[in-house]
Every structure is written in C-alpha cells, then in structure tokens.
Number of protein chains: 2
Amino acid sequence: MDAGASSARRDAAAGRARDSPRRAAGRPPQAVLSKAQITRAALKLIEADGYKGLTMSALAKRLGVAPSALYNHVAAKQDVLVLLEDHLMAMVDVSGFDGGQWEPGVRRWAWSYRDVFARHTPLIPVIAVLPVTNAPQTVAMYEAVTAGFLADGWPRDRIVDAIVALESFIFGSAFDVIAPPDIFETGGLAASAPEFSAAVADRWGEGETSRSDSAFGIGLDALISGLSARRASGGF
Amino acid sequence: MDAGASSARRDAAAGRARDSPRRAAGRPPQAVLSKAQITRAALKLIEADGYKGLTMSALAKRLGVAPSALYNHVAAKQDVLVLLEDHLMAMVDVSGFDGGQWEPGVRRWAWSYRDVFARHTPLIPVIAVLPVTNAPQTVAMYEAVTAGFLADGWPRDRIVDAIVALESFIFGSAFDVIAPPDIFETGGLAASAPEFSAAVADRWGEGETSRSDSAFGIGLDALISGLSARRASGGF
DNA sequence: TTCACGAAATGAACGCCATTCATTTAGTGA
DNA sequence: TCACTAAATGAATGGCGTTCATTTCGTGAA
C-alpha cells in the first residue's frame with residue numbers, strides 16, 4: 001500500500017472527506033458510500049450548521065464524493081431525511097415502560113421524544129406525514145409504546161388514537177422549544193391587546209424552568225390525567 | 001382612455017395578471033402592488049397549486065409584475081409567509097368565548113384553529129417561531145382567547161402556558177390531518193411489531209369520523225378536562 | 001415653479017440548489 | 001469469458017430566491 005491509500009483510510013475512519021486527490025471516474029475498488037455513512041455525515045452536518053447546512057453538495061463534500069454519487073443510494077434528498085428520522089427515533093427513550101407503570105413510562109417517553117425532535121424540527125413535517133413502512137426503528141418505538149399501554153390494560157382499539165394525540169402534542173411542543181423567548185412580546189400592539197399583554201407579563205416562574213418546559217409540563221400533565229380519567233371512567 | 005388601459009383595469013379588478021402588454025420600466029403612474037394584494041395573490045396561488053406553487057416568480061406573474069418588484073414591499077419570501085399567517089389568524093373562530101363559557105369556547109377555537117392551519121401546514125414552522133409583534137390579527141386572536149380564560153376565572157399568570165399547551169397540540173394535530181390514511185401500516189415490518197400492528201388493525205370507528213378527527217377529539221377532551229381539573233383543584 | 005429625492009417599477013444578472021445523464025470502471029453470476 | 005449491474009465522476013440543467021443598476025413617477029421643500 002502506498003502513502004496515499006493509507007491516508008485515505010485514516011480520513012475515512014475519522015469520517016472526514018479526502019481532500020486533495022480526486023478519485024478517478026468509474027466504480028471504486030471498495031464501496032465509498034452506504035446509507036449508514038450518509039446518515040452519519042448528515043447528522044454531523046446538521047450539528048455543525050443546522051438544517052440550512054444540509055445540502056446534497058455539502059453532504060457529498062463531507063463524504064469525499066461527487067454529489068451525483070449520492071443518488072446511487074438515495075432517490076432524493078427526502079430519502080436522506082427519512083434516514084435521519086429513523087435514526088433519531090431509536091434515540092427516543094421508551095425504557096420508562098419497563099417498570100410496568102403507564103404514567104411514568106408515558107412521561108419519560110414524551111419528554112425524550114420532544115427533546116430529540118426539538119433539535120430536528122425540520123424533520124417533523126416529514127415524519128408526521130410519512131408512512132412507517134421501511135422505518136424499522138420508528139416501528140420499534142411504536143411497538144414499545146403500544147406494549148406499555150397494553151400492559152396497563154388499555155383497550156387495544158383506542159391505543160393508536162391516544163398515541164397520536166400525545167404525539168401531536170409532542171410535535172407541536174418541539175417547535176415551541178425553538179421559539180425565541182420574546183415570542184409573545186406584543187410591542188407596539190400592546191395597547192390593542194391589554195389582557196393578553198398583561199398575561200404575558202404576569203407569566204409565572206421564569207426562574208429555573210423555561211417557558212416552553214413549563215407549558216409542556218402543564219400540557220403533558222393535563223393530557224395524561226385526562227386520558228387516564230377517561231379510561232378509568234369507561235369512556236373508552 | 002384607450003382599449004389597452006381599460007382591459008388592464010378589468011384584469012386588475014379580477015385579480016388576474018395583465019398578460020400581453022409589458023409595462024415600461026420606471027415607477028408606474030399608479031401603484032400596482034400592495035401588501036394586501038400580495039397576500040391575496042399568494043392565497044390564490046396556494047389554493048390552486050399548494051405551497052409548492054408559491055414561488056416569488058409565480059406570485060409576480062399572477063400580479064402582472066416582475067419578480068424584483070415584490071421586493072419593494074417585502075424584504076424576503078419569509079415576509080410573504082408572515083402576511084399569510086396573520087391573514088389566516090383572523091379566520092380562527094373565537095366567537096365561542098362570547099357565551100361566557102370556557103369549555104365550549106376553547107372547543108370551538110381549537111377545532112377551527114386546527115382546521116385553518118391543516119390546509120396551511122407549511123406555515124406552522126413559521127408561526128411557531130415568529131414573534132407576534134407586527135402581526136395584529138394574531139395578537140387580536142390571542143387577546144380574545146385570553147379574555148375567555150379570564151372570564152372563566154383563570155389566574156392571569158397561568159393563562160399563557162395553558163394557551164401554549166393547547167396551541168402545541170393544535171399545531172401537531174394539523175399535521176396529522178394531512179397524513180395519508182395508511183400512515184401506520186407496518187407492511188413488511190408487521191412481524192417485528194405484532195402489538196402495534198394489531199392496535200392499528202383494531203382501531204375503532206373508521207366510520208364517519210376520520211382517524212385524525214377522532215385522535216384530535218380524544219386529545220382535546222383530555223387536555224380540556226385535565227386543565228380544568230387542575231384549575232379546580234387549585235393546582236394553579 | 002422648480003427640483004431634489006424617495007418610491008416603485010423593469011430586466012439582467014448571480015449563486016445556490018436538487019437532480020439528471022452520459023461515461024467510466026469494477027465486481028458478479030451464467 | 002462475457003454480459004450485466006453497481007457505483008463512481010463530471011458536466012449540464014432548470015428553478016429558485018435575491019440583488020442591482022436603471023428608469024420613471026410622485027411629492028414636499030425652497
């Protein structure tokens with residue numbers, strides 16, 4: 001092996017793109033790309049620059065490859081987003097259901113779900129609309145949650161609706177996390193909205209917990225107690 | 001007046017672009033554009049083609065204007081989205097609070113809010129993050145809702161959090177409306193997720209109400225009962 | 001009345017983006 | 001051995017949002 005090849009291997013191990021020596025055209029001796037590598041590179045790119053930095057060119061450059069090479073592994077950029085989504089779903093914490101108690105399980109799941117996607121809000125419009133087929137980690141997450149509901153005695157035919165309701169709240173709340181702190185400052189419009197402005201000014205506890213955390217906590221408590229009350233009363 | 005001018009006036013009245021006779025360069029005798037006209041044209045464009053059809057070029061063409069002319073009235077495309085957002089906020093039904101009863105007010109508000117933005121989900125990432133300053137209709141909506149909460153005796157310092165919790169649920173649910181009906185079909189992954197697949201198959205009442213409507217109804221009931229229970233018990 | 005200035009239009013760019021296609025090379029199964 | 005397919009390059013495409021020099025019109029101050 002020559003020096004060029006060895007430095008290339010070092011760069012590849014570090015996830016960096018090979019810089020100087022352009023690869024010749026034609027299929028390379030050993031595959032340079034894979035879906036897993038594309039996913040990893042996309043994540044790194046997002047960590048560094050946010051979703052505005054996630055372009056097919058940037059992705060290709062980071063992988064040391066021409067942009068068109070990516071299309072041998074994904075049909076479109078949308079596919080990259082799907083890869084990301086499924087990867088992130090595996091990071092949602094469903095371990096809270098292991099204890100056999102529904103409420104702590106839901107609580108831990110919901111907080112972690114929100115936290116994961118608050119840093120990936122551009123994926124939410126994709127997830128919310130994407131069929132789960134071919135998203136194995138996503139299905140695994142739903143399976144664990146469903147099992148947690150069943151273990152608590154939930155009627156099978158109501159579980160999906162309950163999960164969807166919680167999930168909708170979680171997605172919406174993820175957006176709220178990235179809202180600026182002054183989002184409700186009425187500014188010049190204060191005079192036209194005295195009650196609302198007062199409510200914004202009086203808002204309680206701007207101490208340790210953030211605005212979005214406190215709203216999420218209140219809503220999650222309400223959802224959990226509302227759902228379990230309905231179940232207990234036979235509303236389902 | 002000549003025939004050209006009169007046909008131009010007719011076209012302008014119908015909101016259509018003047019087609020053939022290109023306007024000469026330079027400031028026209030009477031203004032061709034305004035924020036209100038831009039907003040109307042954008043709405044028409046979205047009705048016809050969806051948000052993918054909302055481009056600055058298409059907007060300009062519909063207004064019978066060069067694309068660059070738009071930038072005399074908005075600083076960027078984002079501003080067009082803000083104009084749309086504020087316009088749509090005025091269509092959210094807050095009349096339910098007029099009766100002086102909190103629960104029916106919240107219910108009507110929430111359903112109408114969701115319905116309006118289910119057809120405009122691309123705006124949600126914008127709204128959720130946008131300061132309300134300079135969005136008068138948006139502030140007016142919040143003012144009406146706040147008044148409804150106050151009339152019910154809610155403590156002022158808890159109202160914003162409650163509204164945000166409800167709103168997060170509403171935004172998330174708006175995405176759910178546009179999800180395909182088979183979004184939870186596990187397909188080839190069914191074997192790996194038996195409980196979830198069964199729950200999806202057993203889902204109740206696919207009769208009159210849609211999947212997303214039933215999930216929204218369940219979640220909204222839970223939120224409303226959970227929130228008012230906490231308020232009644234002095235949790236706030 | 002004049003005239004400088006700002007507002008509002010045109011049209012020609014610009015850079016970026018996702019994607020496609022012809023081409024080349026390497027591995028694979030018949 | 002050889003046809004076929006997979007996986008890379010590199011050039012090209014069309015569309016996007018946006019900018020800028022230029023032109024024209026309206027307006028308020030001198």
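Each chain gets a letter, A, B and so on, in the order its sequence line appears, and its residues count up from 1.
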Rounded distance in Å - NZ (A:K35) to P (D:dA7): 11 Å
Hits for side-chain hydrogen bond (donor to acceptor under 3.5 Å, both in side chains) against B:D93, two or more places apart or cross-chain, chain-then-number order -> B:S95
Which of the following nucleotides, D:dT9, D:dG17, C:dT19, is nearest to the side chain of A:A66? D:dT9
ring-ring contact (aromatic ring centres under 6.0 Å, His included) with A:H87: which residues, sequence neighbours excluded? none
Report yes if at least one side-chain N or O of A:H73 is closer than 4.0 Å to OP1 or OP2 of D:dA6; otherwise report no. no
Can you pull the side chain to side chain donor-acceptor pair (under 3.5 Å) pairs that have at least one residue in residues 172-188 of chain B, sequence neighbours excluded? B:D176-B:R211, B:T186-B:S197
For A:E167, side-chain hydrogen bond (donor to acceptor under 3.5 Å, both in side chains) partners two or more places apart: A:Y113, A:Y142
Dump every N/O contact between nucleotides 11-14 of chain D and the protein below 3.5 Å, one line per pair.
none

Can you check whether B:M141 reaches B:W109 side chain to side chain, under 4.5 Å on heavy atoms? yes
Selected nucleotide, minimal atom distance to B:Y71 side chain, candidates D:dG17, D:dA8, C:dA9: D:dG17
Taking only residues two or more places apart in sequence or in another chain, which ones pass side-chain hydrogen bond (donor to acceptor under 3.5 Å, both in side chains) with A:S212? A:S210
Rounding to an integer number of Å, can you tell me how far B:K61 NZ sits from D:dG17 C1'? 16 Å
Quick note, side chain to side chain donor-acceptor pair (under 3.5 Å) partners involving residues 119-133 of chain A, not counting sequence neighbours, are A:Y51-A:H120
Quick check for you: among D:dA8, D:dT18, C:dT10, whose closest atom lies nearest to any side-chain atom of B:K77? D:dT18
Rounded to whole angstroms, how far apart are CG on B:L33 and P on D:dT24? 19 Å
Interatomic distance where CD belongs to B:Q37 and P belongs to C:dA8 [whole Å]: 12 Å
Can you measure A:L70 atom CG to D:dT9 atom C1' for me and round it to whole angstrom units? 12 Å
Do any of residues 45-56 of chain B sit with a heavy atom less than 4.0 Å from DNA chain C, and if so which? none
Taking atom types as they are modelled, is there a donor-acceptor pair under 3.5 Å from the base of C:dA7 to the side chain of B:N72? no
Do the non-hydrogen side-chain atoms of B:S192 and A:P136 ever get within less than 4.5 Å of each other? no
For atom CG of A:L59 and atom P of C:dT19, their distance in whole Å: 12 Å
Can you tell me the distance, in whole Å, between the CG atom of A:D79 and the C1' atom of C:dA18? 13 Å
Among all residues two or more places apart in sequence or in another chain, which pass the ring-ring contact (aromatic ring centres under 6.0 Å, His included) test with B:F175? none
